[in-house]
2 protein chains.
Amino acid sequence: MSPVVKITDVARHAGVSPSTVSYALNGKRPISEATRRRIEASIRELGYHPHAGARALAGARSHVLALVMPLRRGVDLPVVTRFAMSVVTTARRHGHDVLLLTGEEGEDGLRRVADSARADGFVVMDVQLDDRRLPLLRALRRPSVLIGLPADPAGLTCVDLDFRAAGEACVEHLALLGHRRVALLGSPPEVYARGTGYARRVADGVTAAAGRNGLTASVHPCASDPGAAPALVRRLLGADPAPTGLVVHNEALLGPLADALRAEGVRVPEDLSVVALCPDDLAERAATPLTSVSVPAAELGARAVELLIGKLGAETGPAPGLAAPDVTLLPPRLTVRSSTAPRG
Amino acid sequence: MSPVVKITDVARHAGVSPSTVSYALNGKRPISEATRRRIEASIRELGYHPHAGARALAGARSHVLALVMPLRRGVDLPVVTRFAMSVVTTARRHGHDVLLLTGEEGEDGLRRVADSARADGFVVMDVQLDDRRLPLLRALRRPSVLIGLPADPAGLTCVDLDFRAAGEACVEHLALLGHRRVALLGSPPEVYARGTGYARRVADGVTAAAGRNGLTASVHPCASDPGAAPALVRRLLGADPAPTGLVVHNEALLGPLADALRAEGVRVPEDLSVVALCPDDLAERAATPLTSVSVPAAELGARAVELLIGKLGAETGPAPGLAAPDVTLLPPRLTVRSSTAPRG
DNA sequence: GTGAAAGCGCTAACAT
DNA sequence: ATGTTAGCGCTTTCAC
């Protein structure tokens, strides 16, 4: 078994000093084209990979980002996974690896990873309106980027979908189709109770857009269990006047809802238009492909990493002008499919 | 901002030498109860966390496991996430962190992480029958555990659900209920083509159990798109004699299948019994809760990590007897819900 | 049961 | 544009 290759081996093989190899590797000072090439050749030939621990120790940067995943029930696992994938891919493009933490470890976990220099910064998913970790994140000696929008984002860097605009987009689409009466089927009550910001923001957007467009809107939190949706649908459609447009912001509801509508003999979109707020693939593969606003998990992940990398750089050199903004909200994109149609 | 606490600070505070603190920390030599206590108190008081890079450099162990996630379409994202969570939780219990890699990085990524000593070992998900990475994994200077069962597991450590037994369990359940004619709705054709072992293994199990119990079984790969299921269902139920029991091993099919059955006026379980191979929560929340065999993602993840930690230990001390087995197959567990009933 | 001291492999001054 | 060298904070012989 060949012994491990180190930087001195590369240096000797290329006929230069170790520091030159180091500088060639991380470009912190100019290297002549000729030597750089010899060094690169040696690196490839010997199969050299710098020892991560030694690098972290000497350089005070681990080149690792920590990703804090939610673990509580009720989170949308496919979205979480796509997000994580995007974080990893983007981090790699910037020469960083990703350490996976669960929300379970909580504040101690953050502190442990920060203090042990295992990671240079944090991407924190599933941030609650009044998240317990916020004070720590503000105080930590390592930068972080949050996914989600807490009540007070001051001093933090947050990225999220603009859920309010998403709610507005749904209603505006329905308004354009001539609908006058819409209902929002929202997240389960516990999601609102938990203080997750996005549920509320969608509801606000729906209400605001309805107001602006002269529509009537009602908001209905709805549990995810199979029984809840049919009951709610019957109640909604039994009202007089009944809504002719539905905005659905609860993935787990989509299936039961479709069943319930079919059972009631309600045709989509002829009798009822439905706009969903859900991942694209789910909207596409529904029996009636759904007009939807998607949660752009991949873009969110990429953006979060890029902001974090930016903050890492800003720590070293005195900030070159642009500090990371406190809040970045990505604009929603509505895709029209087959579940919405003009009223009547 | 308080300066970073190091081992010498703890040593001074506790009135001992740095080496004693180190030994107290990782128990590699006996420490008197008294000093150990003083050291622990100092550690807590000062908020000491050993520098991970320094530890890795001096100790030749990073205390990090790399988890290689699949990224291709068609994998079951919720299962992947649950698996990852379980890996992280278990790794933490053993004092390790988890580095997240995507399958995209492929063999180069594995080599990079192994050679840079960023991780001490690998957990590789979504291993194909004839996975390109197998030779590398066998040759790498770091141990690994694979999730999935390649064609030739020799020299590797593999963990998986016993999919064959799962297929058998489904059929045996139907046999006990008096069914004589069953059909397997399998994974999409591309999954079989790709050489994913589990699809084939389920089919084998179904066939074998049918044979043993004197049933007739047929196997039908089925695409995930919404149109495929209804067509297949019509064809199956139009046959004479038609199957009275269905084994469904394709999550994406479950919804469309239910729709199709309802459309055809087939009642479950009165006219047709259905057994699914899918995550429990999906089976529970179906309109008709499904009798199912679940993929025990959490157990698989925990087991994989424990095997890997075992191999890490075995590398240091001369193996204390038990080497990790090549193949560990977890037994399936079938949960009876409302979608199966005696024939007739 | 405890201490002293020599590295681990790299980076970043400080040289030239 | 390149070389020399002093650590980074820990583990681990070797000594007592």
Side-chain angles (χ1 to χ4, degrees), chain A residues 3-40 42-43 46-64 95 112 114-118 120 141 316-317, chain B residues 3-40 42-43 46-64 95 112 114-118 120 141 316-317:
Chain A
V4 173
V5 182
K6 23 194 158 184
I7 200 170
T8 51
D9 299 325
V10 176
R12 191 170 338 104
H13 187 274
V16 297
S17 79
S19 62
T20 302
V21 177
S22 174
Y23 286 118
L25 236 38
N26 42 49
K28 297 208 181 175
R29 86 181 182 190
I31 301 284
S32 77
E33 194 51 30
T35 41
R36 140 164 293 121
R37 297 255 276 257
R38 286 212 320 288
I39 291 174
E40 274 162 5
S42 299
I43 288 180
L46 301 180
Y48 169 67
H49 292 283
H51 188 290
R55 210 147 98 94
L57 180 55
R61 302 211 91 63
S62 65
H63 302 274
V64 169
R112 178 180 66 79
D115 288 356
S116 63
R118 241 187 217 300
D120 300 330
R141 64 193 342 98
T316 312
Chain B
V4 173
V5 182
K6 25 195 158 184
I7 201 170
T8 52
D9 300 324
V10 176
R12 191 170 338 104
H13 186 275
V16 297
S17 79
S19 61
T20 303
V21 176
S22 175
Y23 286 119
L25 236 37
N26 41 49
K28 297 206 182 177
R29 86 182 183 189
I31 301 283
S32 76
E33 193 51 30
T35 39
R36 139 163 293 121
R37 297 256 276 258
R38 288 212 319 288
I39 291 174
E40 274 163 6
S42 299
I43 287 179
L46 301 180
Y48 169 67
H49 291 283
H51 188 290
R55 210 148 97 95
L57 181 54
R61 301 211 92 59
S62 64
H63 300 273
V64 169
R112 179 181 66 79
D115 288 356
S116 64
R118 244 186 214 299
D120 300 330
R141 60 189 349 91
T316 311

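These numbers come from a predicted model, not from an experiment.
Sequence neighbours left out, the pairs with a member in residues 4-15 of chain A that pass salt bridge (charged side-chain N to carboxylate O under 4.0 Å, His left out) are A:Asp9-A:Arg12. Applying the salt bridge (charged side-chain N to carboxylate O under 4.0 Å, His left out) test to pairs two or more places apart or on separate chains, those with a residue in residues 27-36 of chain A are A:Glu33-A:Arg37, A:Arg36-A:Glu40.
A:Arg112 pairs by the side-chain hydrogen bond (donor to acceptor under 3.5 Å, both in side chains) definition with A:Glu105, B:Asp97, not counting sequence neighbours. Every residue two or more places apart in sequence or in another chain was checked for a side-chain hydrogen bond (donor to acceptor under 3.5 Å, both in side chains) with B:Ser22, and none qualifies. Scanning for side chain to side chain contact (heavy atoms under 4.5 Å, CB included) contacts around B:Ile43 gives B:Val10, B:Leu25, B:Ile39, B:Tyr48, with sequence neighbours left out. A search for side chain to side chain contact (heavy atoms under 4.5 Å, CB included) contacts involving B:Ala58 returns nothing, not counting sequence neighbours. In this structure A:Ser42 satisfies the side-chain hydrogen bond (donor to acceptor under 3.5 Å, both in side chains) test together with A:His13, sequence neighbours excluded. Listed by chain and number, the residues in a side chain to side chain contact (heavy atoms under 4.5 Å, CB included) with B:Ser62 are B:Ala56, B:Val64, B:Asp120 (sequence neighbours excluded). The ring-ring contact (aromatic ring centres under 6.0 Å, His included) search around A:His49 returns none, not counting sequence neighbours.
An angle of 30°, rounded to 10°, separates the two end axes of the helix from C:dG1-D:dC16 to C:dT16-D:dA1, each defined over five pairs.
Looking at heavy atoms from C-beta onward, B:Arg55 lies in side-chain contact with B:Asn26 at the 4.5 angstrom threshold.
Between A:Asp9 atom CG and C:dC8 atom C1' there is a gap of 14 Å when expressed in whole angstrom units.
Protein chain A contacts DNA chain D from D:dA1 to D:dG9, reading 5' to 3' and using non-hydrogen atoms of the protein with a distance under 4.0 Å.
Distances shown here put every side-chain N or O of B:Thr35 at or beyond 4.0 Å from the OP1 or OP2 atom of C:dG1.
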In the 5'-to-3' direction, what one-character label does each nucleotide of nucleotides 9-16 of chain C receive under the scheme B = base within less than 4.0 Å of a protein heavy atom, S = sugar-phosphate only, - = no such atom?
-> BBSBBB--

